[in-house]
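Reviewing the structure listed below.
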Amino acid sequence: MLQTLLQVALTGATMGCIYALVALGFTLTIAAAGVVNFAYSEWVTYGAYIGVTLVAVLGLPLWLGLLLTVMLCAVLGYGFQLVVFAPLEGKHFLTTVSATIGVALAMQAAATLIWGPYALTLPTFFGSGSLTIGGVALFPHSLLIVGMTVVLIAAMQLALTRTDIGLRLQAAAQDPVAARLMGIPIRRMRTLAYCLSAALAGLAGFMVAPLFVVTTTMGFGLMLKGFAATIVGGWGSLKGAVLGGLAVGLIEAFGAAYLSSEYKDSIAFAMIVVVLLLRPSGLFPERIAEKF
Amino acid sequence: MLRIDGLCAGYDASDVLHNISLTVAAGQIVAVLGANGAGKTTLMHAASGLLRPRAGAVLLDGAPITDLPAERIVARGLSHVPQGRRIFPGLTVQENLMVARTAATYRAPGGFAAALAEVRDLFPRLAERRDQLGWSLSGGEQQMLAVARALVARPKLILLDEPSLGLAPLVFEAMFTAIASIRARSGIGFLIVEQNAEQALRIADYVYVMELGRIVAAGLPADLAQDKAIERAYLGA
Amino acid sequence: MRIGAGLLLLAVLLPLFIGNNYQLGIAHQALILILLASGYNLLLGFTGLVSFGHIALFAIGAYTSAILVVSYGLPFAVGLLAAALLTGVAGVLIAIPALRIKGHYLTLLTLALGEVIRLAIRGMESLTHGAAGFTGIPRPSVLGFTFRSGTELYYLLLACVVLGVLFIARLERSRFGRAFKAIRDGETAAEVCGVDTAAMKVLAFGLSAVFAGVAGGLYAHTMRFISPEFFSLSLTITLLAMVLIGGRGTVLGPVVGAVLLTVLPEWLRFVKDYYLIVFGLAIWACTMFLPQGLMGLAASVVARVRRPA
Amino acid sequence: MTALLAVSGIRKVFGGLTALDGVSFSLAAGQILGLVGPNGSGKSTLLNVLSGIYTPEAGEVHLAGQSLRGRAPHQIATAGLARSFQNQQLFAGLSVVENVLVGRACRLRAGVLASIFATPRFRREEAAARQQAEDLLALVGLGWAVGASVQRLSYGQRRLLEIARALASDPKVLLLDEPCAGLSQSEANDLAHVITRLKVNGLAVIVIEHNMRFVMGLVDRIVALNFGQKIGEGTPAEIRANPAVVAAYLGGSGHAAH
């Protein structure tokens, strides 16, 4: 009984961490530039594919593959800022949505051309074995995901609140006009946010790849979970994205274990619906300052 | 110090400013008075680079800054304290001040620490609120923080847009007193646009009166108070 | 008007030039999608409400008609009517939270609702045959006449499309069309002008859902096979693209968009692998450079030609 | 004679800030009332309360003896209160005449089916509404622009269109929020002319305006606000001589009272 419970909790926490990373990257551009990026799914997918290419095809060691993947994804984010997002500044929500959907479709199709229609795999850092402690199977890779997420989120929190650039990024997100008056180049801050966002997507894609297989649609499924995490946690709140991601991962794992695995994928959607209907501002809404 | 020459500006289909010219000498406090809708805030935006003027020039220390974007004008020594304060709501008081640092902050003797000490002297309340988030401050505290942020950038001149807006009379009287003392100790000049004529007249060295996007009167505070130009601008002839 | 009449003439004569049943099948699809996209345009283009769950209503329509006709032996007309009614009610139900929830929240809510409905259809196996799909749906038959041949079916669908498009054209020129567009361009201003914005939004949701329901019912009886996979998010994206590329907020925009995006993949078969790349980039380019779509482009060309005269 | 519009004890609080504090005044048919006060004194908030965009914490608004408490903005419009906005809010995707027709929305009755089948009743109603819209456009001097798109109009012409749209619902009371902002002197004069003509027909008008020359010449009475409270009411001359009002604008001892 207890073992099953722990096992499910571990599974949920692992996926929750992945969702948290996805949601965090997704939320960054919402917070920093007010942009809902529907091409985010492809950033995750490309992260996984770039990882596979570097490790499985070019034979680089995993750690180097991970590092390069994150860096290449950051470059991808930079390219996006130049080509896709800069011309979208100040445009209507529907325009941003449809433009990024279009780019996402093209990228997905391009991925099929580049990497072929078949699922690929990425090895883990620790082989495929698992430790069993007290009847609970521990996959070292899951532990790595959890540990890495915790460290990363702590590091990001520190960077955002303790460094100059982090504070400036926050300032530019909270009030772009005031930020300009403080001499903060907001365009550059946005670019930074896009790079960070893409790097997080790449990391999530790379880390989740060994758990499943790499396909052209993997990012889309993860982005939908990221949506759910964002809605559950509170729109545009970084803290909310992390908590929301964990919540979605855990609820999904417990739902699949104790209710029905058939409906596993609907749980996240049901959460979106329920949360939006009951509390449109999310479970952990960021305090928004009064306009006066 | 600051010279505005034949400035015209507006938004979309409407012209707001018509041929505005004014000067602020080093260490001078100049007030621009006028009723709501006279174009005072537009003047501030055009001066600080938030709005690109249609014609005319803005010169700081003789160098044109007309076409520079706002984020580069700060580095030239012109700080703009916008209407409504625009404190970063999710940053603490200390973080709001940290974000306002520029190269000039460090060029000045004592660096950021000296700037902070100065702010603490002027507004002890801010030191008490150091770790509170921006949104939780009262209107008066926000106005103090907004001025403090400008001071941290070590400007030569501060543009101050309606510092009295939404504040209780006692609070903004204190604010104007603080402005006068900033000028007295550090020689920073001010261009203040204000609706509350009495307070502005109290500390200003020179006053312009705006009406419907034009300057309709200018002079020493005492002279203007005499000839009722201000009252006309506010209440009609 | 003249463009519409021209298109209608082309559509009536089309079967004369179509060689085989395969091509006729494409034409059937295009007609059904015109109906679906026109209804979606009421919401997206006229009223400015971005819903990503519209395909679920299409699915409800298809399954309702299929179940009633196949499992309960009711006539086609009853199935289609029930599909229209049920989706209309479902649309109104979606509209209720939509009165409070706006912008991206509405988009994500409807996206989630759509997926939940699709997964629910897949889950209710006894009723819908689940993931395996629903087979053996009979051809439409009205008053004893069964639309057996592809050409007969074509004209039935065309008649429905003509009625649907006329409906929207008339609606556009009434107080309802103006109210929808006013909500899109400024909700508060519309409300203060005396437009009952809540009622109008419910109406827009309801009407567009009825279009989806009728399109769904026709789809089930035309294809004779439906499965949950068809009603996925990628169809939502295609639908969105049809309205945007054709021209949102215009009567003929969705018509042009639906035809184009149904026929184009067929013409571009030889570039098969690249088609989706081109398609994606076309959506992007269209939103960036042709915000009013092809109909908007046509209108501005016409205006430019006329002005000097 | 009872007042057409009676406003009593309106109180509106945002967060901790009292934007309106016990504001009362009344207005008779054919009167023009000016609403003045320094920036942030609560004028626009008051218009938003009157038109139903904000719900006040306390107080009542009666229009022609009818309470407007708890009514939605479109119901208030139907009851006979129309307004223009400070920052123009026209419907950019509709033509000039269609904008005016939206303003008529609450007086049109044809249902969906009648509209679809273009029943004679629908046609009569549409034709009458269109005729009225064209008349109103002619009244404000936009008769030439009936079928044009809104983008073709200048800033000042858009303001006039907003007023025509507000008038399309046959209001009893018209609220104008800074109608002169961005207008040239001659456009402002034209506007004053239009408003005066409406007054003759029994329309009551409330106007917020910072252009004091415009206000003083146009209005019958002025209500002055400061810090959300009414600090003065009277004819333009009385207001100009009212020490509390002068102090509110120029600063001074008047503040000590608060």
Side-chain angles (χ1 to χ4, degrees), chain A residues 30 34-36 38-39 42 83-84 87-88 91-114 116-117 216-217 220-221 224 226-228 230-231 235-236 260 262-278 280-282, chain C residues 44-45 48-50 52-53 94 96-98 100-120 122-123 125 130-131 184 232-234 236-238 240-241 243-245 248 272-289 291 293:
Chain A
I30 297 171
V35 164
V36 183
F38 276 77
E42 305 317 303
V83 179
V84 179
L88 279 171
K91 291 262 170 70
H92 187 260
F93 163 69
L94 178 60
T95 311
T96 312
V97 170
S98 36
T100 51
I101 282 181
V103 174
L105 259 183
M107 282 181 78
Q108 198 185 66
T112 315
L113 275 185
I114 300 171
T216 52
T217 52
F220 191 69
L224 292 181
F227 283 162
T230 313
I231 294 288
W235 193 254
S260 142
E262 179 81 2
Y263 285 104
K264 178 169 170 278
D265 284 330
S266 5
I267 291 172
F269 299 121
M271 282 173 76
I272 295 184
V273 174
V274 170
V275 171
L276 276 182
L277 290 183
L278 297 182
S281 53
Chain C
L44 181 84
L49 297 166
V50 187
F52 272 17
I94 295 177
I96 291 166
R100 281 198 306 141
I101 295 170
K102 300 198 167 124
H104 47 255
Y105 287 112
L106 179 63
T107 308
L108 293 183
L109 172 77
T110 49
L111 186 148
L113 262 178
E115 281 298 284
V116 168
I117 291 173
R118 188 173 69 89
L119 293 168
R122 203 174 69 186
E125 295 206 357
R184 174 194 68 192
S232 67
L233 268 173
S234 67
T236 301
I237 294 173
T238 310
L240 182 75
V243 175
L244 291 178
I245 292 176
R248 67 189 142 109
K272 192 76 186 133
D273 292 338
Y274 295 90
Y275 170 70
L276 277 176
I277 299 183
V278 174
F279 178 45
L281 290 178
I283 296 179
W284 172 72
C286 197
T287 50
M288 296 308 298
F289 308 113

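Order of the sequence lines fixes the chain letters, A, B, ..., with proteins taken first and strands second; residue numbering starts at 1 for each chain. Below, all heavy atoms of this structure are taken into account, side chains as well, without hydrogens, waters or symmetry copies.
A distance of 9.0 Å separates CD of A:Glu42 from OG1 of A:Thr217, quoted to the nearest 0.5 Å.
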Working note: A:Leu88 + A:Thr95, criterion side chain to side chain contact (heavy atoms under 4.5 Å, CB included); need CA distance, chi angles, decisive distance, verdict.
CA-CA 8 Å; A:Leu88 279 171; A:Thr95 311; 4.0 Å; yes

Take C:Leu44 and C:Leu49 through the test side chain to side chain contact (heavy atoms under 4.5 Å, CB included) and record every step on the way to the result.
CA-CA 5 Å; C:Leu44 181 84; C:Leu49 297 166; over 6 Å; no

Working note: A:Phe38 + A:Val103, criterion side chain to side chain contact (heavy atoms under 4.5 Å, CB included); need CA distance, chi angles, decisive distance, verdict.
CA-CA 9 Å; A:Phe38 276 77; A:Val103 174; over 6 Å; no

Quick one, C:Leu240 with A:Ile101, criterion side chain to side chain contact (heavy atoms under 4.5 Å, CB included). Give me CA distance, side-chain angles, the key distance, then yes/no.
CA-CA 10 Å; C:Leu240 182 75; A:Ile101 282 181; 4.0 Å; yes

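Within the 4.5 angstrom heavy-atom criterion, only side-chain atoms of C:Ile237, from C-beta onward, approach chain A. For C:Phe52, the part sitting under 4.5 Å from any heavy atom of chain A is the side chain, from C-beta outward, and nothing else. Only the side chain of C:Leu111 comes within contact range of chain A, judged by heavy atoms closer than 4.5 Å. In this structure, the portions of C:Leu119 lying under 4.5 Å from any heavy atom of chain A include both its backbone and its side chain. Heavy-atom distances place both the backbone and the side chain of A:Ser98 under 4.5 Å from chain C. Only the side chain of C:Leu233 has a heavy atom closer than 4.5 Å to any heavy atom of chain A. Within the 4.5 angstrom heavy-atom criterion, no atom of A:Ile267 approaches chain C. At a 4.5 Å heavy-atom cutoff, C:Ser234 makes no contact with chain A through either its backbone or its side chain. For C:Arg248, the part lying near chain A is the side chain, with the backbone staying farther off; criterion is any non-hydrogen pair under 4.5 Å. For C:Leu244, the part lying under 4.5 angstrom from a heavy atom of chain A is the side chain only.
Contact count versus chain A (heavy atoms, under 4.5 Å) is highest, among C:Thr287, C:Ile277, C:Ile283, for C:Ile277. For the set A:Ala270, A:Ala109, A:Pro87, the count of heavy-atom pairs under 4.5 angstrom toward chain C peaks at A:Ala109. Per-residue counts of heavy-atom pairs under 4.5 Å with chain A were compared for C:Ala112, C:Cys286, C:Pro97; the largest is that of C:Ala112.
Counting all heavy atoms, side chain and backbone alike, A:Val97 lies closest to A:Thr100 at O-OG1, 3.0 Å. Shown here for A:Ala39 and A:Ala104, the closest heavy-atom pair between the two residues is CA-CB, 3.7 Å. Across all non-hydrogen atoms, the minimal contact from C:Leu106 to C:Ile101 is N-CG2, 3.5 Å.
Using the six-membered ring where Trp is involved, C:His104 and A:Trp235 have ring planes that are parallel, under 30° apart on the 30 and 60° scheme.
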